[in-house]
Structures are given as structure tokens and as C-alpha cells.
Amino acid sequence: MFNSLSGIITGKFPKQVFLDTHGVEWDLCVPDSNLDMLPPVGNEARIFTWLQHTDQLMTLYGFASAEERTVFLDLLKVDGVGPKGAVKIMSAVSSGRLMDVLEKGDLEMLEKIPGVGKKTAGKMMLTLKGKLTLRESSSADMVRITAASPYADVVLSLASMGYDKKVVEQKVAQLVEVLTNDASFAGKSQKEREDILFRRAIVELA
């Protein structure tokens, strides 16, 4: 019914984003790992969607990319994992990290993800190992996402130091995914987060 919505982000909260599309404000349930992939409040964004409609409720789920939505839909194939459970899993770990854990067959690590547990971890391994894939974003997509990112200044600063811009964009995106799950990072000001990200990127790029 809905593939995506484009509009202005009017609010970002844990697992929730408000999006205004020409006077209609949508309330979307969004995994925490996707929040930093989306532009800051007040900026335009395209959010990919999935609608859950039952006799009791109607919930619209949102994702920063079609690939993130595909991961969500793959998680729904696991017996016992519903939409809220999938969001909880994606909020606790990035899609790239989840794929890595599954490919390595690291059942112990999978069990530590909030909302998983031993029984569900086994089902996830059986259902998704070797089947969960993420298409690498094109250069054009990477530039567009980075330009709209709250950390675009970090990318520009590193690129001005002589680092390859594409490599910087990929490294910053990876670090943002990791740091998004760090409560102490999320609690800092925008300037402090940029400083932390800049220092981490310098170390890893070196």
C-alpha cells in the first residue's frame, strides 16, 4: 500500500519519527539504529515504510533505506519474531553487524542481543544464516545520505585533510552505526558527538 513517504521530519524520539507530508503528520515506528541515518529535525527525508493492519491496531513502520526494510521483513520470517520484536532487535544492533554475527554462526553473541534469547537465536540462525544480505549503496546514494546527515561536517573536515572522500563517508557511516547503540554518545550534544566521531575516524583511517 505504501512504499515510502517524503516530507519534513518534525520529531525524532527513541523508536519514533514524526514526518510532515504537506500538512499530514505521520507517526512512524523506526528502529533506533535507523535514526542517525535520517536527517535532523526540520530537514526533508524519504522514509521507506511497512504497514501493519490488524483488527486491533494499525502501525506504520519506517526505515532509512529499502535495504533496512528488507532486513526487517527478513526478521519477520523467523518464527516468534513479530514487528515489535524485529524493531527491538534492529534497535540493539546494526543490520551490518547482525549479518556478520549470522554469517559467522556466532550463536552466543546472537543470544546477547536484547529481545532475542537462546530459543529465538536458534530460530534466527536456522532461518536467516546465508540469506540475509545488504546491497552496498551506490556512490550517488552515499553522497546524498551523507550530505543530509548531521555528521556531514565531520566528513568534509576529514576529506579536507587529504583522506579519500568515499572512504571517509563509509568509515563515518560505520562508526555512526556503532555509536548509535552507545547511550553515553547519544546523551551528548551535537558538537560533542561530532568531536568523538572525528577522533574515532582519525584513528581508524590512520
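All heavy atoms count here, side chains included; hydrogens, waters and symmetry mates do not. Everything numeric here is computed off the predicted structure, so don't read it as measured data. In what follows, residues are counted from 1 in the order of the sequence shown.
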Does the gap between the ring centers of Trp50 and Phe72 come in under 6.0 Å? yes
Please tell me if the side chains of [X] and [Y] come closer than 4.5 Å, counting only heavy atoms from C-beta onward.
| X | Y | answer |
| --- | --- | --- |
| Ile8 | Asn43 | no |
| Leu156 | Val168 | no |
| Phe63 | Ile47 | no |
| Asp27 | Leu60 | no |
| Leu75 | Thr127 | no |
| Lys104 | Asp100 | yes |
| Leu110 | Leu102 | yes |
| Arg200 | Phe185 | no |

Nearest heavy-atom neighbours spanning [X] and [Y]:
| X | Y | value |
| --- | --- | --- |
| Lys188 | Ser184 | CG-O, 3.2 Å |
| Ala45 | Ile9 | CB-CD1, 3.7 Å |
| Thr59 | Leu57 | OG1-CD1, 3.5 Å |
| Val81 | Gly85 | CG1-C, 4.2 Å |

The complete set of salt bridge (Lys or Arg N to Asp or Glu O under 4.0 Å) pairs with one or both residues in residues 6-18, sequence neighbours excluded, reads Lys15-Asp32
Is a side-chain donor-acceptor pair under 3.5 Å present for [Y] with [X]?
| X | Y | answer |
| --- | --- | --- |
| Glu68 | Ser95 | yes |
| Ser6 | Arg46 | no |
| Arg69 | Asn34 | no |

Any salt bridge linking Glu103 with Lys129? Criterion: basic side-chain nitrogen under 4.0 Å from a carboxylate oxygen. no
Point to revise | SB check Arg199 Asp195 (cutoff 4.0 Å) | key: no
TODO: Following the transitive rule for hydrophobic clusters with a side-chain heavy-atom cut-off under 4.5 Å over Ile, Leu, Val, Met, Phe, Trp and Tyr, establish whether Phe18 and Leu28 coincide in one cluster.
DONE: no
For residues Val178 and Met99: do they belong to one hydrophobic cluster (side chain heavy atoms under 4.5 Å, members Ile, Leu, Val, Met, Phe, Trp, Tyr)?
no
Does atom NZ of Lys171 have more than 12 heavy-atom neighbours, drawn from other residues, nucleotides or ligands, at distances under 6.0 Å?
yes
